Structures are given as C-alpha cells and as structure tokens.
Undergrad: 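First, the structure itself, so that you have it in front of you.
Numbered from 1 within each chain, the chains take letters A, B, ... in sequence-line order. Source: prediction; values computed, not measured.
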Amino acid sequence: MQYWLIKSEPDAFSIDDLQAANVEPWDGIRNYQARNFMRDQMKVGDQVFFYHSSCAAPGIVGICEVASEPYPDPTAFDPEANYYDPKSDPDKPKWILVDMKFVKKLEQVISLAELKTMPELAEMRLLKKGNRLSIMPVEKSEWEFIMGIAG
DNA sequence: GCCAACGTTGGC
DNA sequence: GCCAACGTTGGC
C-alpha cells in the first residue's frame, strides 16, 4: 500500500464536500505527472491526505482512500464541462482518474505553517520550494509522523 | 493583489 | 529541438 496527498481548493471542493459525497471521481486533473500517479501507481485502498490549498488556512484536513481502478475522466469529453479537453479522444482518452472515498476528518487541522516547522518533514514533497503538483506521493515515514501529530 | 515557480504552447 | 511567451498554481 502507498500513501498520497491530494490538494483541493475548499471553495471548489472541500473535505466536507467529500464527506457529503462519500465517493467522488477525482476529475479535472490536467497535469501529466498527477495523472500518471493516478493511472500507474494508485491502488484501491491506498491512503490519501486531503489538503486544502489556496485558502486562508492551507493544511491537511482529512483522510480519504483510493476507491476505484483508474478510468477515463468523463469531464474531458464534455464540451459543457469546465475541464473539457477537445484533444482527449474517447477512443484514446488522455485524462485518467480514480475515485476517492471519504475516510475521516482530522480532529485538528495540521496547517502548512505547522508542517514546515517539523524537521522530520524537511524532505516532504509538499514542502519543497515551487511545488505545484496537486497529487503527490507521501513517504510512509512522513505519513506515520503526521498521523502521530494528528493523534 | 503580488509574485515566484513551474508547465505548456507554438513559432522557428 | 529550442526557447520565449503565456497561463496557472498557491502562499503570503
């Protein structure tokens, strides 16, 4: 089993939205690296940190898990959708996603500012300068350390 | 709103 | 294949 972190802007889709939906196709990803993680490496049951970005208090707010095999992102084929990509052919889909299933909200949010102060997380991908990936792997040691903080 | 970092596009 | 221009991300 592997560990991951996914970012979402809470104004667009928050951990509460995921809780309400229970299972949500993680659509709209239009970055090859992020897509490749979903397509090639995610397995059903992998554990995932849910991170709020571009907001007043960015940080890890909850946990979800991979809940499907990879499959084509339907929003890429829909001209009405925000994430429509005319270059994605249904016969040869360019964008691939998995479903995410709500697991729990953390009892206390672990803020980005707090994460940055932890020497144990100095190598964490999320904290690297210039990082913009919206889906990234998390090391087991990092996962366990953060779960320790979360209590 | 600003700006640094990064990914993508497109001309050549 | 190079690289400048442009658009996006995301913290502050």
Side-chain angles (χ1 to χ4, degrees), chain A residues 2-21 24-42 46-66 70-139 141-143 145-151:
Chain A
Q2 284 185 261
Y3 300 95
W4 304 93
L5 180 144
I6 60 175
K7 296 179 185 173
S8 187
E9 299 185 21
D11 289 346
F13 193 84
S14 71
I15 187 71
D16 292 321
D17 294 325
L18 182 62
Q19 183 168 23
E24 178 78 7
W26 207 245
D27 60 21
I29 300 299
R30 297 292 179 267
N31 168 282
Y32 291 109
Q33 250 185 303
R35 177 205 65 184
N36 292 349
F37 285 137
M38 289 198 286
R39 186 188 63 187
D40 304 334
Q41 295 191 38
M42 282 191 179
D46 278 4
Q47 298 293 294
V48 184
F49 283 135
F50 195 100
Y51 176 91
H52 280 174
S53 66
S54 294
C55 58
I60 297 171
V61 296
I63 295 171
C64 53
E65 66 181 30
V66 177
Y71 63 96
D73 183 341
T75 66
F77 309 132
D78 177 2
E80 303 297 315
N82 288 339
Y83 297 110
Y84 176 55
D85 181 354
K87 285 184 275 190
S88 184
D89 180 344
D91 293 329
K92 208 180 171 207
K94 188 170 157 190
W95 301 111
I96 303 294
L97 54 68
V98 299
D99 291 345
M100 290 293 175
K101 182 179 192 306
F102 177 81
V103 174
K104 68 172 184 175
K105 287 171 75 169
L106 296 186
E107 287 174 23
Q108 54 193 46
V109 171
I110 305 176
S111 71
L112 176 61
E114 192 176 352
L115 292 169
K116 281 179 173 172
T117 67
M118 309 287 179
E120 292 86 347
L121 302 177
E123 295 304 312
M124 195 177 180
R125 197 153 177 174
L126 176 71
L127 305 181
K128 293 288 185 184
K129 187 177 175 186
N131 167 69
R132 288 171 36 189
L133 262 183
S134 61
I135 296 178
M136 68 187 82
V138 172
E139 297 298 324
S141 59
E142 294 163 351
W143 179 277
F145 179 77
I146 291 168
M147 292 303 283
I149 301 172

Undergrad: Name all residues meeting the side chain to side chain donor-acceptor pair (under 3.5 Å) criterion together with A:R35; count only those two or more places apart in sequence or in a different chain, and write none if there are none.
TA: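 Partners of A:R35 by the side chain to side chain donor-acceptor pair (under 3.5 Å) criterion come out as none, since no residue qualifies.
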
Undergrad: If I take atom CD1 from residue A:I29 and atom CG from residue A:N36, how far apart are they, to the nearest 0.5 angstrom?
TA: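 So the gap between those two atoms works out to 12.0 Å.
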
Undergrad: Which residues satisfy the side chain to side chain donor-acceptor pair (under 3.5 Å) test with A:E142, sequence neighbours excluded?
TA: none

Undergrad: Below 4.0 angstrom, which residues in residues 112-119 of chain A have at least one non-hydrogen atom near DNA chain C?
TA: A:L112, A:K116

Undergrad: Using a strict threshold of under 4.0 Å (side-chain N to carboxylate O), is an ion pair present between A:E24 and A:K101?
TA: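 Answer for the salt bridge query: no.
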
Undergrad: Is there a side-chain contact between A:M136 and A:N131 in this structure, where contact means two heavy atoms from C-beta onward sitting under 4.5 Å apart?
TA: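 Yes. Closest side-chain heavy atoms under 4.5 Å.
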
Undergrad: Can you list every pair that meets side chain to side chain donor-acceptor pair (under 3.5 Å) and has a residue in residues 9-19 of chain A, with sequence neighbours left out?
TA: A:S14-A:D17, A:D16-A:K105

Undergrad: Are side-chain heavy atoms of A:I63 and A:W143 found at a separation under 4.5 Å?
TA: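 A side-chain contact exists here, since the closest heavy-atom pair is under 4.5 Å.
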
Undergrad: Using the side chain to side chain donor-acceptor pair (under 3.5 Å) criterion, which residues pair with A:R30? Sequence neighbours excluded.
TA: A:D73, A:T75

Undergrad: Scan the side chains in residues 111-121 of chain A for donor-acceptor partners under 3.5 Å anywhere in the protein, sequence neighbours excluded, and list what turns up.
TA:
from	atom 1	to	atom 2	distance (Å)
A:S111	OG	A:E114	N	3.0
A:T117	OG1	A:E114	O	2.7

Undergrad: Enumerate donor-acceptor pairs with a distance under 3.5 Å from any side-chain N or O in residues 46-55 of chain A to protein atoms, sequence neighbours excluded.
TA:
from	atom 1	to	atom 2	distance (Å)
A:D46	OD1	A:Q2	N	3.1
A:D46	OD2	A:W4	NE1	2.9
A:D46	OD2	A:K43	N	3.1
A:Q47	NE2	A:G45	O	3.0
A:Q47	NE2	A:E65	OE1	3.1
A:H52	NE2	A:I15	N	3.1

Undergrad: Please, which pairs that meet ring-ring contact (aromatic ring centres under 6.0 Å, His included) have at least one residue in residues 99-131 of chain A, sequence neighbours excluded?
TA: none

Undergrad: Compile the donor-acceptor pairs under 3.5 Å between side chains in residues 84-91 of chain A and protein atoms, sequence neighbours left out, one pair per line.
TA:
from	atom 1	to	atom 2	distance (Å)
A:D85	OD1	A:K87	N	2.9
A:D85	OD2	A:K94	NZ	3.3
A:D85	OD2	A:W95	NE1	2.7
A:S88	OG	A:K94	N	3.0
A:D89	OD1	A:D91	N	2.8

Undergrad: Quick one, which residues of residues 78-94 of chain A touch DNA chain C with a heavy atom under 4.0 Å?
TA: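 Hits under 4.0 Å, by residue number: none.
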
Undergrad: With a strict under 4.0 Å distance from non-hydrogen atoms of chain A, what nucleotide opens and what nucleotide closes the contacted stretch of DNA chain C, reading 5' to 3'?
TA: C:dG7 to C:dC12

Undergrad: What residues in residues 51-62 of chain A put a non-hydrogen atom under 4.0 Å from any atom of DNA chain C?
TA: A:Y51, A:S53, A:S54, A:P58

